[in-house]
Every structure is written in C-alpha cells, then in structure tokens.
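Worksheet: the structure to be examined is printed underneath.
The first residue of the sequence shown is numbered 1, and numbering continues consecutively from there. Bear in mind the structure is a predicted one, so any value in this text is a computation, not a measurement. FYI, side chains are in, hydrogens and waters are out, and symmetry mates aren't considered; it's all heavy atoms of this structure.
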Amino acid sequence: MLIIDISGVVTKDGEAKLTIQVPPDVPPGEHRFRVVLIDQASAEGARTLHIPPIHIDQWPEGLSLSREDMYGDWGR
C-alpha cells in the first residue's frame with residue numbers, strides 16, 4: 001500500500017477532478033485507489049503521526065503463536 005496526499009477543489013456543482021503523480025516505482029496497469037475526504041477544519045487541528053513500515057520476509061522458524069506457548073497457565 002502506498003499513501004499519497006493530494007489536494008483538490010470541489011466546485012459549486014459538486015464536481016472535483018483530481019490528478020496525482022505516483023512515484024516511478026509504481027508499475028503500470030490497473031490499480032485501486034481510495035480517496036478519503038477530510039474537511040479543512042478537521043485537518044487544521046489534526047496531527048500526523050508517521051509510523052515507519054516494518055518489513056518481515058518470513059516468520060522465524062519454529063515460532064509458535066499458540067495461547068499455551070504465549071501465556072502458559074497464567075493466560076487461561
């Protein structure tokens with residue numbers, strides 16, 4: 001998933017046209033886009049929290065996520 005911030009203007013007719021420039025590493029082809037409309041008053045008081053992604057290739061060998069292994073007898 002790639003998050004890109006864009007801005008646009010909505011006309012009195014309720015129309016908006018948005019054009020975005022995606023990073024060069026996005027491959028050509030069909031993609032799904034999701035647009036979230038944030039009203040300006042809310043956006044001005046909001047703070048942005050940047051959490052860097054964590055990339056994990058595979059689970060460690062022998063990793064057990066069973067309740068018994070995670071909590072022992074105390075987790076019941």
Side-chain angles (χ1 to χ4, degrees):
M1 179 173 71
L2 176 66
I3 298 174
I4 301 172
D5 288 328
I6 59 174
S7 297
V9 176
V10 178
T11 66
K12 292 180 181 180
D13 299 332
E15 294 183 12
K17 291 185 180 181
L18 307 173
T19 302
I20 62 171
Q21 180 71 39
V22 297
D25 60 337
V26 175
E30 187 174 322
H31 298 276
R32 289 184 54 185
F33 294 89
R34 178 172 294 161
V35 176
V36 178
L37 182 64
I38 302 172
D39 63 82
Q40 193 63 29
S42 296
E44 289 173 359
R47 295 187 326 193
T48 302
L49 176 63
H50 175 71
I51 301 174
I54 298 173
H55 300 284
I56 301 174
D57 292 331
Q58 62 186 19
W59 292 107
E61 189 174 327
L63 175 68
S64 174
L65 298 176
S66 70
R67 183 179 195 87
E68 292 80 15
D69 290 341
M70 290 174 62
Y71 300 108
D73 291 334
W74 293 100
R76 296 182 183 203

Problem set entry | ILVMFWY network linking L18 to V9, side-chain heavy atoms under 4.5 angstrom |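 Hydrophobic grouping puts L18 apart from V9.
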
Exercise. Honestly curious: do I20 and V10 fall in one hydrophobic cluster under the side-chain, below-4.5 Å linking rule?
Worked result: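 No, it is not one cluster - the side chains of I20 and V10 are not joined through contacts under 4.5 Å.
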
Exercise. Would a 4.5 Å heavy-atom cut-off, applied to side chains only, mark L65 and M70 as touching?
Worked result: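 When only atoms from C-beta onward are counted, M70 and L65 do touch, with a gap below 4.5 Å.
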
Exercise. Do other residues, nucleotides or ligands put more than 12 heavy atoms under 6.0 Å from the CG atom of D57?
Worked result: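 No, not enclosed.
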
